[in-house]
2 protein chains.
Amino acid sequence: MDISWDDARLFLAIAETGSFSGAARRLRIGQPTVSRRLAALEYAVGASLFRRGVDGAVLTAAGERLVPPAKKMAEWAGELHRAAESSDTSPRGLVRVTAAPYMCFDFLAPFSGAVAKKHPGLRLEVLSGIQYLDLGRGEADLALRARCPPNADLKRVYGVQIRNAVFVAKSLKAKLPKRPTLQQIPWVAWAPPFDATPPNPQLESIIPGFSPVFTADNYLVMLAAAEAGVGAMVLGDLRHRFVRERSLVPLELDLGPYATSELHLVCAKSALDIPRVRKVSELLVEELEQAKKR
Amino acid sequence: MDISWDDARLFLAIAETGSFSGAARRLRIGQPTVSRRLAALEYAVGASLFRRGVDGAVLTAAGERLVPPAKKMAEWAGELHRAAESSDTSPRGLVRVTAAPYMCFDFLAPFSGAVAKKHPGLRLEVLSGIQYLDLGRGEADLALRARCPPNADLKRVYGVQIRNAVFVAKSLKAKLPKRPTLQQIPWVAWAPPFDATPPNPQLESIIPGFSPVFTADNYLVMLAAAEAGVGAMVLGDLRHRFVRERSLVPLELDLGPYATSELHLVCAKSALDIPRVRKVSELLVEELEQAKKR
DNA sequence: CAGGAGATATCCATGAATGCATGACCTCAT
DNA sequence: ATGAGGTCATGCATTCATGGATATCTCCTG
C-alpha cells in the first residue's frame, strides 16, 4: 500500500475544510476529482476515512489517526515552499502591462505599488493608452483585454468575468430619480476619434438617440467630470482588494447584455519564459482569482 | 508558485539516489517522467535544483535548501503510512492460491509461511493440482498462471517473465559430459494422463524422439527422482527471496524458444474487493517485483 | 579502440485523470 | 409546499501525464 503525498494533501484538505467541496476549492481542483481520489485512497488504505453527508465529511476513527502526520507534512511543505521562494532569484527589471484606461487607473496602479513592495527589483510600466499594442512585437509584455486573442502567437493566461456598473458622483445621484432609466442618465463618454472605444458603442445600442452630455479624449478628464457630478460612467467593477476612496458610487441600473464583460490576461507565447514577466503574470493571476471570489 | 507534494517527493528521491534513473526505480515510475517532472518543478520554482551529468544529478545550492524540509515531509509521510497501516483492519480468513506444482512447492509454500508470520489472521491454502481451476466460479481466489487469461471475467494483476532452467542432482551432473546436448540428458517428466502438462510438450518439440527415463503422475515423486540423480527436470527459475537448500543444481543448457516463460497473477474481476484477497495479492506482487529485479 | 553500460532529454501513442454536466439527496427560507 | 443552495456520486468527453522507443553523450572495460 503506497500513499501518494498529494493524496495525503487531499485528505488533509478535506479534514480541515470539512467537505469535499471545500477541499476542491482549497486545492483548486474539481469536486468530482476529490470524491474519486478520496475513494481510491480509502480503497488503498483499506478503511473509510470520512463519513459522508449532505453537511460534508466527518473524520472516522481511522481518518483521525492520519491527521497529525498529514498536518506535519503540510508544515514542512510550507517550509519547502519558503525555501523554494528564497531560491527564486528574485526577478528584476521592467515589465510593461497594458490595459484599458480605467483598469490601469483603478487596478493596475495600486497593483504596481503592491508588486514594488513585494519585489523591489520589479518595476511595472503601465501603458494605459487605448490604442492597440502589439504583444507579438513586444510593445508590451502583458495585457488585460476584453477579448481573447485570436492570434496564434499570443496566449491567454487567465480570464475572469466582471460586472459592469454605472457610477456617478453622490451629488448627481441625489438629483436623479430614485429608479432612473438609462435615458434619464446624463452620460460622460468618449469624444472622437475615440468614440468607437467601449463603452460608447454599447451605450449607443441600448440607448436610442444616445447623446452624452460630456465627452473628452482623455480618460482622466472624463473621470474628473464624472466626479464633479457632470455625468455617469460605465466602469468595470473588478472586485480587487486595493481600497481606494471612491467618490463615485454605483447606480442600480440594468445594462442588459452589457451587464458583464470579460477580462483576459494575455501575452506572447514565450513571454512567460522571462522570469520577471512570469512573476508579474503569477501575481496578476492571484489578484484576479481573489477578485473573482468577491 | 505551488509545489505539488508528489513533486517534493520526486525531488527528494533524486537527491537521495543521486540520479534520475535511481529516483525512477525508487518511485517506480519511468525515467522520462522523472526528467520532465523535475524540469517542470524547476520551471515553477524558477531555479535549477540539480546539475545534470552522465554520472547523475548533483544538488545545486538552491536544491540543497529544499532537502531538509523534503526529508521531514518524508518522515511524516512514513508516520502517515504507519497510521494508515494500523487503520487497515488486518484482513483475516482463508485465501486459496493455485499454481503449477513446482511454483507451489518452491515459492508459494515458503511465501505462505511469510504471510502467516506477517498477518496471523491470514491463512493461505495452496492448491497445487495441475487440473484447471475456475477462478470465475470461485474455485480459487488467486492463481499463478503461465498464460494471461482470455476470459472477460478474469483480470491480470501482475506479470513477470521468468527463466526456465534444467536442474539435476550434483551426482548426475558429475556423470554428464561437460557440455551435454539436450539429447544426452536423461529426463524426468510427466506420465499419462498428465503428459500434456508442461514441460512435456515443449521438450518433445525441441528433442526429436523425446523419451523420458522416468515418469510419474505426482510432482513430488518426480522431484524425488530428480534429487536421487535419476534424471533432469525443467523448472522455472523464479529468483524469489526464500532460500531453500537446493539439492538440484542448474545446467547450462539452451532451451531455445522455451528459455523463458511468463508468470501471471490472475484473479476474478471482483476478487480484489475482498480485503484478504487483496492483501495477499499485494504481497504476491511485492514478491514478484523483487524477484524480477534479481 | 570499439563496444557495452550507464546517464539524461525528447517524441509520440496510449491510457489515466480530470472536469463538466447531471442526478440524487438534504436543509432551510419563503 | 416549493425553490434555492448546499452536499456527494457518477457518466462521459477531453486533456494531459506517462512510458516505450530512441538519440546523444560519457566512461569503463576487454
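So that the names make sense, note that chain A is the first sequence line, chain B the second, and so on, each numbered from 1. Here the structure is a predicted model, which means the values were calculated and not measured.
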key: Integer-rounded Å distance: dT18(C) C1' and D7(A) CG   = 14 Å

remark   = Here the distance between atom C1' of dA17(C) and atom CG of L10(A), to the nearest Å, is 13 Å

inquiry  = Is it the case that the side chains of H264(B) and E262(B) hold a donor-acceptor pair, with the cut-off being a distance below 3.5 Å and no angle test?
reply    = yes

query = What's the CZ-P distance between R28(A) and dC20(C), to the nearest Å?
reply = 15 Å

key: Under 4.0 angstrom between R52(A) side-chain N/O and dA24(C) OP1 or OP2   = no

Closest to the I29(A) side chain, choosing from dA9(C), dG19(C), dT27(C) = dG19(C)

message = I need the CZ-C1' distance between F20(A) and dA9(D), as an integer number of Å.
response = 9 Å

ask   = So, D2(A) and R26(B), do they make that salt bridge, N to O below 4.0 Å?
value = no

key: Side chain of P32(A) (C-beta onward), nearest among dT10(D), dC25(C), dA7(C)   = dT10(D)

inquiry  = Whole angstroms only, please: what is the CG-P distance between L41(A) and dA9(D)?
reply    = 14 Å

inquiry  = So does A77(A) get a backbone contact from the side chain of R82(A), meaning a donor-acceptor N/O pair under 3.5 Å?
reply    = no

message = Quiz question: going by heavy-atom distance under 3.5 Å, is there a donor-acceptor pair between the base of dA9(C) and the side chain of Q31(B)?
response = yes

ask   = How close or far is atom C1' of dT18(C) from atom CG of L38(A), stated in whole angstroms?
value = 16 Å

inquiry  = Assuming nearest nucleotide by heavy-atom distance, tell me which of G30(A) and S35(B) is located more 5' along DNA chain C.
reply    = S35(B)

query = Base, sugar-phosphate, or nothing: which does S21(A) touch, judged by heavy atoms less than 4.0 Å apart?
reply = sugar-phosphate

inquiry  = Rounded to whole Å, please give me the gap between CG in D55(A) and C1' in dG6(D).
reply    = 10 Å

Length of the line joining E42(A):CD and dA9(D):P, which is rounded to integer Å = 9 Å

ask   = Within the structure shown, what part of the strands sits under 4.0 Å from R36(B) by heavy-atom distance: base, sugar-phosphate, or nothing?
value = base

NZ/NE/NH1/NH2 to OD/OE distance under 4.0 Å, E42(A) and R52(A) = yes

request  = Scan T33(B) against the nucleic acid and name what it touches under 4.0 Å (heavy atoms): base, sugar-phosphate only, or nothing.
outcome  = base

task = For the side chain of R37(A), starting at C-beta, report the closest nucleotide among dG20(D), dT18(C), dA9(D).
result = dT18(C)

request  = Take the angle between the ring planes of F50(B) and F20(B) and call it parallel below 30°, perpendicular above 60°, tilted in between.
outcome  = perpendicular

